[in-house]
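Here's the structure, in structure tokens; my notes come after.
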Amino acid sequence: MTEVRTRFAPSPTGLLHIGGVRTALFEVLLAHHYGGKAILRIDDTDRERLVPGAVDALISDLRWVGLIFDEGPFPQSERLARYKEISEELIARGFAYRCDCTAERLAQEREEQAARKEPLGYSGYCRNRGVSASVPHVVRFKIPEDRAITLHDAVKGDVHWEKIALRDTVLLKSDGFPTYHLATVVDDRDMRISHILRADEWLSTAPLHLLIFEAMEWPAPVFAHLPPVLGADGKKLSKRHGATFLSSFREAGYLPEAILNFIALIGWSAGEGEEQEIFSMEELTRRFTLERVNNAGGVFSYEKLNWMNGVYIRNLPPEDLQARLEPVLAKAGLAVDSEKLRRILPQVRERLQLLPDAVPLVDFLFKQSIDRDMPAMLKKGMDAAKAREICVAAAEKLASLATFDTPAIEAALREVAESAGGKSGPVFTVVRIAVTGKTITPPLFESIYALGREQTIARLRETAALL
RNA sequence: GGCGCUAUCGUCUAACGGUUAGGACGGGGCCCUCUCAAGGCCCAAAUAAGGGUUCGAUUCCCUUUAGCGCUACCA
């Protein structure tokens with residue numbers, strides 16, 4: 001078997017989209033599964049839509065998410081001479097021709113076709129006009145009139161066209177840049193790409209690509225058209241569906257590992273009755289094959305991604321989580337004390353779906369003064385006098401502890417609850433709000449341990465004074 | 001309109017032509033419990049419709065329906 005070589009060819013017209021990430025992932029998985037190479041190509045042939053800085057953003061996004069390419073990036077804009085050369089050869093071979101039709105003429109043609117309710121598209125006016133190379137022109141491919149063609153697609157199966165529904169398509173634009181159709185075929189040939197993995201939306205133009213390979217007498221690579229990643233409305237996922245750029249997932253506190261795992265499962269499954277959902281990159285690489293790629297589109301579910309992100313967070317070694325959390329907390333304006341955070345980490349770890357979820361859980365550790373939810377403290381039959389008693393007693397008990405650790409704190413507070421007469425729940429709620437300010441916190445004893453004796457006692461006394 | 005693709009729980013999906021159609025997310029309930037989570041157990045929830053082929057269709061074929069994509073000097 002010849003080397004498996006795949007390519008990911010994003011166009012630098014904006015930020016990397018989550019659908020693009022899925023394509024990139026599949027390119028890398030397939031290549032590496034077979035011990036081959038994944039190539040990064042930059043499809044910058046449309047200079048009108050080119051966004052400055054997009055290439056750098058693309059590369060840093062790919063690096064962040066952990067998708068590594070073996071070759072590239074190769075910008076297509078640096079290969080203009082090569083595309084020109086091939087377009088000339090296509091003309092020489094009789095498969096393409098120069099066309100100098102103006103935009104106005106094209107628009108008028110289209111108008112007339114619309115009036116006659118004909119399919120829109122270039123009429124082929126210049127096919128035999130022998131337009132000179134010295135006037136401004138484009139190069140068009142001569143789509144054969146009656147030509148049946150079959151694409152053997154690795155995921156769609158055989159796709160057959162009795163007649164190619166395309167009109168004479170532009171290969172080389174008047175500015176000397178190639179269109180996607182020319183550039184992709186030439187590059188796939190020159191870069192010895194063995195498998196073309198790309199989004200479903202390219203299926204309709206695949207006959208043209210096949211025809212170009214054929215015209216040049218180049219063997220065509222394996223084609224694999226990937227099912228689309230959909231929004232909740234069943235349409236192709238796009239900005240309209242909310243945060244779909246990879247960078248926004250990064251900012252929202254998703255883990256790259258979770259994103260890759262999750263996105264792999266849209267359009268691919270391990271099969272064989274496999275019920276596993278969590279796969280490392282290594283496992284994915286080992287198990288990924290085109291045979292297991294689905295052909296129906298899949299809706300991108302933020303709910304399931306959130307769940308999976310939580311799973312990945314829980315599986316993170318504490319030091320690793322801490323390293324990822326500290327910048328997030330700092331960004332939220334907290335003066336992080338690493339030691340305090342370290343103490344409470346195991347408790348917050350299982351309470352997170354997204355990294356920033358930690359902020360409201362731990363902010364009480366890093367604030368000088370806290371706001372307390374007093375109405376919540378005095379609910380369910382708890383009156384101020386009793387709450388005050390509890391705070392005072394708790395402060396005393398904690399102050400008298402020989403060792404200030406979680407078991408000791410628990411014992412102390414249970415004693416307080418008992419002498420306050422009865423249920424621990426309401427008592428702990430008072431202490432919880434007194435110390436953290438909130439009703440929802442990490443477990444109480446650990447929270448107190450992390451806060452430290454001094455601050456805890458101070459907050460209990462503060463609360464008593466408030467009541 | 002033309003051409004093409006697609007069709008299993010709400011969502012992601014599994015199921016050599018033979019299963020009580022399985023799992024996961026989400027939803028509901030119970031357990032655990034100092035709040036919130038996490039975890040455990042349980043429940044509801046699907047083969048788009050109609051025709052074939054077959055002893056037997058989720059699975060193969062056809063039609064219909066629905067959705068999506070393409071139909072640019074964009075990718």
Side-chain angles (χ1 to χ4, degrees), chain A residues 9-11 13 43-46 48-49 99 101 103 106 110 114 117-122 137-140 151 153 156-157 159-167 169-175 177-181 183-184 198-207 225 227-228 230 232-236 262 265-278 294-308 310-311 314 347-353 357 360-361 376 410 413-414 417 423-429 431-433 436 438-445 447:
Chain A
S11 50
T13 52
D43 197 340
D44 56 350
T45 56
D46 183 351
E48 280 177 28
R49 295 203 308 153
C99 163
C101 290
L106 262 19
R110 208 157 303 163
K117 289 188 179 164
E118 280 174 15
L120 308 183
Y122 183 59
H137 65 275
V138 300
V139 175
R140 288 180 185 274
L151 168 72
D153 191 275
K156 299 288 180 193
V159 183
H160 183 77
W161 286 264
E162 200 45 50
K163 217 175 167 176
I164 299 162
L166 301 169
R167 298 302 190 100
T169 316
V170 172
L171 297 181
L172 198 69
K173 301 183 247 184
S174 54
D175 63 3
F177 279 71
T179 58
Y180 171 88
H181 311 294
T184 194
R198 52 160 44 157
D200 220 332
E201 66 206 76
W202 292 108
L203 191 56
S204 315
T205 46
H225 288 93
L230 278 13
D233 58 358
K235 291 192 171 43
K236 224 175 64 183
F262 175 73
L265 263 22
I266 297 181
W268 175 86
S269 66
E272 301 162 17
E274 182 61 76
E275 286 172 3
Q276 184 179 344
E277 301 265 344
I278 305 298
N294 205 161
N295 38 19
V299 174
F300 186 94
S301 160
Y302 288 84
E303 289 70 35
K304 189 159 184 178
L305 204 214
N306 287 347
W307 163 78
M308 192 172 280
V311 171
R314 271 170 254 131
Q347 313 302 327
V348 307
R349 189 168 72 151
E350 64 193 38
R351 264 155 262 260
L352 307 180
Q353 283 202 320
D357 290 347
L361 290 175
E410 171 161 10
L413 292 183
R414 289 201 186 280
K423 302 270 284 174
S424 56
V427 173
F428 292 165
T429 297
V431 177
R432 165 171 285 113
I433 294 172
T436 69
K438 313 179 183 200
T439 55
I440 298 174
T441 72
L444 222 212
F445 318 127
S447 295

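In what follows, chains carry the letters A, B, and so on, assigned in the order in which the sequence lines appear, proteins first and then strands, with residues in each chain numbered from 1.
- Between A/P227 and A/A296, the shortest heavy-atom distance links the atoms CB-O, 3.3 Å.
- Across the P atoms, B/C70 and B/A14 are found 25 Å apart, a figure rounded to whole Å.
- When heavy atoms are screened at a 4.0 angstrom cut-off, A/P442 is found touching base atoms of the nucleic acid.
- Pair check for B/A14 finds none; no Watson-Crick or G-U wobble contact set falls under 3.5 Å.
- Remark: B/U20 base-pairs with no nucleotide; criterion is Watson-Crick or G-U wobble with both hydrogen-bond distances under 3.5 Å.
- At B/A72, none of the side-chain N or O atoms of A/K173 fall inside 4.0 Å of OP1 or OP2 (strictly under the cut-off).
- Across all strands, A/F262 comes closer than 4.0 Å to no nucleic acid atom at all (heavy-atom distances).
- The phosphate of B/C68 has OP1 or OP2 within less than 4.0 Å of a side-chain N or O from A/K235.
- Distances shown here put a side-chain N or O of A/R314 below 4.0 Å from the OP1 or OP2 atom of B/G39.
- Taking side-chain N and O atoms only, A/R140 has a distance below 4.0 Å to OP1 or OP2 of B/C73.
- The residue A/E277 sits close to a base: some heavy atom pair falls under 4.0 Å.
- Between B/U71 and A/R167, no contact under 4.0 Å exists linking OP1 or OP2 to a side-chain N or O.
- Pair check for B/A7 finds B/U65; Watson-Crick or G-U wobble, both atom distances under 3.5 Å.
- Here the closest non-hydrogen pair linking A/A206 and A/H225 is CB-CE1, 4.0 Å.
- Heavy-atom distances to RNA chain B give each of A/P178 and A/L166 a nearest nucleotide, and the one nearer the 5′ end belongs to A/L166.
- On a pure distance criterion of 3.5 Å, a polar donor-acceptor pair joins the side chain of A/S174 and the base of B/C73.
- For the OP1/OP2 pair of B/A14 and a distance below 4.0 Å, the side-chain nitrogens and oxygens of A/S269 include at least one atom meeting the criterion.
- Across all strands, A/T45 comes closer than 4.0 Å only to sugar-phosphate atoms, never to a base (heavy-atom distances).
- Checking the phosphate oxygens (OP1, OP2) of B/U6, no side-chain nitrogen or oxygen of A/N294 falls inside 4.0 Å.
- Distance CZ (A/F428) to P (B/C34): 7 Å, rounded to an integer number of Å.
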